[in-house]
Amino acid sequence: MQLTRVIAVRHGETAWNVDSRIQGQLDISLNDTGLWQARRVAQALQDEPLTAIYASDLARARQTAEEIARSHGIEVTVDTGLRERSFGLFEGRTFADIDAALPDQARLWRTRDPEFAPEGGESLLAFRERVTSTAATLAARHPGELVVMVAHGGVMDVLYRAATRQELQAPRTWHLGNAAINRLLWTPQGFTLVGWADTAHLQGDGTLDEATA
């Protein structure tokens, strides 16, 4: 049975990443650093034999994917299933704002309660189901091929956990840097990890490791 190779890329930096402000499904564009990071990851992948490039429809992911696509002559296919987790009432607030204004919800969020959903948002359980189902569906279209999926910090976290069989509540010990290159394999049995958080193409430039992109 042929497998699918997947390169998963978190979008470049945004001003809200810098401010530690939760974007969720709000449509925030890349800042100048993020645009530079997108160009750098595109250069790093320019010799890869890509057959498809998928992205979240949110601007920060789409802009990053379009830089990668430009050097391959491939159209970006957007899929809303690759969107960041919906954070509902949390969106637009800083971490400090949430802790101060919504302490009970903040505690459930920070302890990664799988069933907790911010008002108007998604639970971790629902988010995991959406992301893993979407990523598996996209990968299954390309047996024996190499595809790119450009998405968000939360999506990267779900994919890492799926590939390493980590529970939703397991403390995170892995990085989710902007414009990092993450490599996975997919078969009908699921995802496995090949390599994670490669940022050599950024030449030591500081990138934020923040999951609520």
Side-chain angles (χ1 to χ4, degrees), residues 1-13 30 34-84 128 130-166 172 174-203 205 207-209 211 213:
M1 180 179 295
Q2 289 186 309
L3 51 80
T4 303
R5 292 184 293 152
V6 176
I7 297 175
V9 177
R10 185 186 173 196
H11 62 76
E13 183 186 277
L30 299 179
L35 290 169
W36 177 84
Q37 291 171 337
R39 291 191 293 269
R40 294 294 296 177
V41 74
Q43 291 172 13
L45 298 179
Q46 65 184 356
D47 294 327
E48 299 275 358
L50 307 181
T51 56
I53 300 172
Y54 295 98
S56 158
D57 63 322
L58 299 176
R60 55 195 185 273
R62 195 178 66 251
Q63 288 175 297
T64 305
E66 286 169 351
E67 288 292 339
I68 299 169
R70 189 168 291 116
S71 61
H72 286 84
I74 299 174
E75 292 292 325
V76 175
T77 301
V78 298
D79 194 308
T80 58
L82 292 175
R83 281 186 171 193
E84 180 59 283
R128 177 177 66 182
R130 169 166 65 83
V131 169
T132 55
S133 176
T134 298
T137 296
L138 298 178
R141 297 176 185 173
H142 302 278
E145 298 177 345
L146 172 63
V147 302
V148 168
M149 298 183 193
V150 183
H152 307 268
V155 174
M156 298 299 117
D157 185 66
V158 167
L159 291 176
Y160 184 94
R161 290 173 190 274
T164 59
R165 311 304 185 260
Q166 299 271 346
R172 186 185 305 127
W174 48 94
H175 293 289
L176 304 171
N178 290 107
I181 294 171
N182 308 296
R183 296 180 185 269
L184 308 160
L185 298 178
W186 178 87
T187 70
Q189 286 70 50
F191 288 95
T192 55
L193 189 67
V194 176
W196 196 259
D198 178 2
T199 56
H201 53 288
L202 301 178
Q203 299 183 341
D205 179 71
T207 58
L208 298 179
D209 179 22

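Keep in mind that what you see is a predicted model, and the values were worked out from it rather than measured. Start at 1 with the first residue, then count along the sequence.
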**Report entry** Thr134 side chain vs Leu82 backbone, donor-acceptor pair below 3.5 Å
**Finding:** no
Report summary line: Looking only at heavy atoms, the pair that brings Trp196 and His175 closest together is NE1-O, 2.8 Å
Report summary line: Taken to the nearest 0.5 Å, the spacing of His152 NE2 from Arg83 CZ works out to 8.0 Å
Query raised in the report: Can you check side chain to side chain contact (heavy atoms under 4.5 Å, CB included) on Val78 and Arg62, steps first, answer last?
Result: CA-CA 7 Å; Val78 298; Arg62 195 178 66 251; 4.1 Å; yes
Query - Leu184 side chain near Thr192 side chain, heavy-atom distance below 4.5 Å - result: no
Report task. Tell me, with the steps shown, if Ile68 and Leu50 meet side chain to side chain contact (heavy atoms under 4.5 Å, CB included). Result -> CA-CA 10 Å; Ile68 299 169; Leu50 307 181; 3.9 Å; yes
**Report entry** Rounded distance [0.5 Å steps], CE in Met156 versus CE in Met149
**Finding:** 9.0 Å
**Report entry** Any donor-acceptor N/O pair, Asp198 side chain to Ala200 backbone, under 3.5 Å
**Finding:** yes
Query raised in the report: Can you name the residues that form a side chain to side chain donor-acceptor pair (under 3.5 Å) with Glu48, not counting sequence neighbours?
Result: Arg183
Report summary line: To the nearest 0.5 Å, atom OG1 of Thr64 lies from atom CG of Leu58 at 11.0 Å
Query raised in the report: So do the side chains of Leu30 and Glu13 get within less than 4.5 Å of each other, counting heavy atoms only?
Result: no
Query raised in the report: From Phe191 CZ over to Leu3 CG, what is the distance, rounded to the nearest 0.5 angstrom?
Result: 11.5 Å
**Report entry** Check: Asp57 side chain, Thr80 main-chain N or O, donor-acceptor pair, under 3.5 Å
**Finding:** no
Report task. Return the minimal non-hydrogen interatomic distance between Ile53 and Ala65, and the atom names on each side. Result -> CG2-CB, 4.0 Å
Query raised in the report: Closest approach of Val6 and Ala139, non-hydrogen atoms and distance?
Result: CG2-CB, 4.3 Å
Query raised in the report: Relative to the ring of Trp174, is the ring of Tyr160 parallel (under 30°), tilted (30 to 60°) or perpendicular (over 60°)?
Result: parallel
Query raised in the report: Minimum heavy-atom separation for Leu176 to Gly153, with atom names?
Result: CD1-O, 3.7 Å
Requested in this report: Measure from the side-chain N and O atoms of His11 to the backbone N and O of Gly34, and report whether any donor-acceptor pair falls under 3.5 Å.
Outcome: no
Report summary line: When every non-hydrogen atom of Ala61 is compared with those of Ser56, the smallest separation belongs to CB-CB, 3.7 Å
Query raised in the report: Where do Glu145 and Gln2 land on the side chain to side chain contact (heavy atoms under 4.5 Å, CB included) test, with the steps shown first?
Result: CA-CA 9 Å; Glu145 298 177 345; Gln2 289 186 309; over 6 Å; no
Requested in this report: Could you tell me whether the side chains of Ser71 and Gln46 share a donor-acceptor contact shorter than 3.5 Å?
Outcome: no
Query - Separation between OG1 of Thr137 and CH2 of Trp186, rounded to the nearest 0.5 Å - result: 8.5 Å
Query raised in the report: For the atom pair CZ (Arg60) and CG (Asn178), what is the distance rounded to the nearest 0.5 Å?
Result: 10.5 Å
Report task. Kindly indicate whether the side chain of Thr51, heavy atoms from C-beta on, has any atom under 4.5 Å from the side chain of Leu146. Result -> no
Query - Contacts of His72 that satisfy ring-ring contact (aromatic ring centres under 6.0 Å, His included) - sequence neighbours left out - result: none
Query raised in the report: Are side-chain N/O atoms of Arg40 and Gln37 paired as donor and acceptor at under 3.5 Å?
Result: no
Query raised in the report: What closest approach, in Å, do Glu84 and Val155 show between heavy atoms, and which atom pair accounts for it?
Result: OE1-N, 4.0 Å
